[in-house]
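So the structure is just underneath, and the comments pick up after that.
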Amino acid sequence: MKALVTGGGGFIGSNLAARLLADGHSVRVLDNFATGRRENLVDISGDLELVEGDVQSYERVHTAVRGCEVVLHQAAMPSVPRSVQDPLTSNATNVVGTLNVLLASRDCEVRRVVFASSSSIYGHNPALPKQEDQAPAPISPYAVAKLAGEGYCRSFSEVYGLDTVILRYFNVFGPHQDPLSQYSAVIPNFIIAALSGRAPLIFGDGEQTRDFTYIDNTVDATILAMNAEGVTGQVFNVACNERISLNHMLKEITSQLGVELEPIYAEPRVGDVKHSLADISRAREALGYTPTVGFRDGIARTLEWFEQSGSHWVDVAASKM
């Protein structure tokens, strides 16, 4: 089978491409490397084809989609803070880009599109755990754009008969996650701080909670969604059903590294939610998804990867201080 991974040079996309190739599939990657990294694809072996381009261009997307059986749409302008700073680009990439992917997939008669959505769409809805039928209450422009992408997926399934499946990822972490962007996710940011011996910055009191999900679990769920039957137009949470505070997460990292660091606390960021926890029963039942890597083991695997390539990251981080 030939699969297109949009955003295949990014953190999740490159891990997904590697798994697909390991499973014997042919993979085409579409990426403009605005946030993805070419280095993420260097060590991947197999039938891999790269198409450079932006999902904001229908023509480029159509070129990438043509001849593929399945499209795994990972391309996005990630980060809640970045979307707050630049909502226009967030909308152009995450909404217009998704619409281009769906249009090209319809026109090329793709079998299925799996769309990477986000737990951020639940926003300020206080109910825990988050269930797929809860009313969305997005706060950030990023969350609004992801919810719009979900709507387009459902529309294309209903109106055009395009098979789409929506996955709401919860706080994914693991190898290939860039720790040096000003918008980098919290776990790689904390890891590099710990490896560099500097105090990590926590926005808020650190008691906010997340359902941190190791990358292998996310990849497993995405591949299951690629082939599951009877799930067209449906949405699924992808997480571990485990609630971890930022303070606890930092203690786990420093404990495994054998260091002691006191964080610096700052005002909460605009657009961030306080608590997040997923109900994953629907994914278990319909997709056969079960998380296989827990939080502690995931941190250990991530630390091992960063320590193996850590000298590069630490040196670059030091040069930016």
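Predicted model only: the values in this text are computed from it and were never measured. Residue numbers start at 1 and run along the sequence shown. Heavy atoms only: backbone and side chains are in, while hydrogens, waters and symmetry mates are out.
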Charged N-O contact under 4.0 Å between D220 and R19: yes
Ion pair R301/D297, N-O distance below 4.0 Å: yes
I139 vs V144, side chain to side chain contact (heavy atoms under 4.5 Å, CB included): CA-CA, chis, key distance, verdict: CA-CA 7 Å; I139 305 168; V144 171; over 6 Å; no
Full working for side chain to side chain donor-acceptor pair (under 3.5 Å) between T222 and Y169: CA-CA 10 Å; T222 306; Y169 295 156; 2.8 Å; yes
L4 side, atom CG; Q74 side, atom CD - distance, nearest 0.5 Å: 10.5 Å
Which atom of F306 lies closest to which atom of P188, heavy atoms considered: CZ-CB, 3.8 Å
Check against side chain to side chain donor-acceptor pair (under 3.5 Å), Q56 and N100: CA-CA 7 Å; Q56 294 182 50; N100 281 333; over 6 Å; no
Note: D205-K274 ion pair, threshold 4.0 Å (strictly below): yes
salt_bridge(K2, E49) N-O dist < 4.0 Å: yes
Aromatic ring pairing H62/Y58, orientation class (parallel under 30°, perpendicular over 60°, tilted between): tilted
Heavy-atom closest pair, residues R210 and V273: NH2-O, 2.6 Å
Nearest-0.5 Å distance that lies between atom CD1 in I280 and atom OG1 in T290: 7.0 Å
Proximity of F295 and Y214 rings by center, below 6.0 Å: no
Side chain to side chain contact (heavy atoms under 4.5 Å, CB included) between T254 and E260, intermediate numbers included: CA-CA 6 Å; T254 56; E260 293 186 8; over 6 Å; no
Pairing of R66 and E109 as salt bridge, 4.0 angstrom limit: no
Step-by-step side chain to side chain donor-acceptor pair (under 3.5 Å) determination, N241 to R284: CA-CA 11 Å; N241 187 228; R284 289 185 191 273; 5.7 Å; no
Worked verdict on T89 versus D86 for side chain to side chain donor-acceptor pair (under 3.5 Å): CA-CA 6 Å; T89 302; D86 186 4; 2.6 Å; yes
Residue D133 excluded, over 12 heavy atoms near CG under 6.0 Å: yes
Inter-residue atom distance H275.NE2 - S245.OG, 0.5 Å rounding: 9.5 Å
Cation-pi check, R168 onto Y122 ring (under 6.0 Å, within 45° of axis): yes
Cation-aromatic face contact R106/Y160, 6.0 Å, 45 degrees: yes
Cationic N near anionic O, under 4.0 Å, K146 to E150: no
Test of ring centre spacing under 6.0 Å for H176 and F11: no
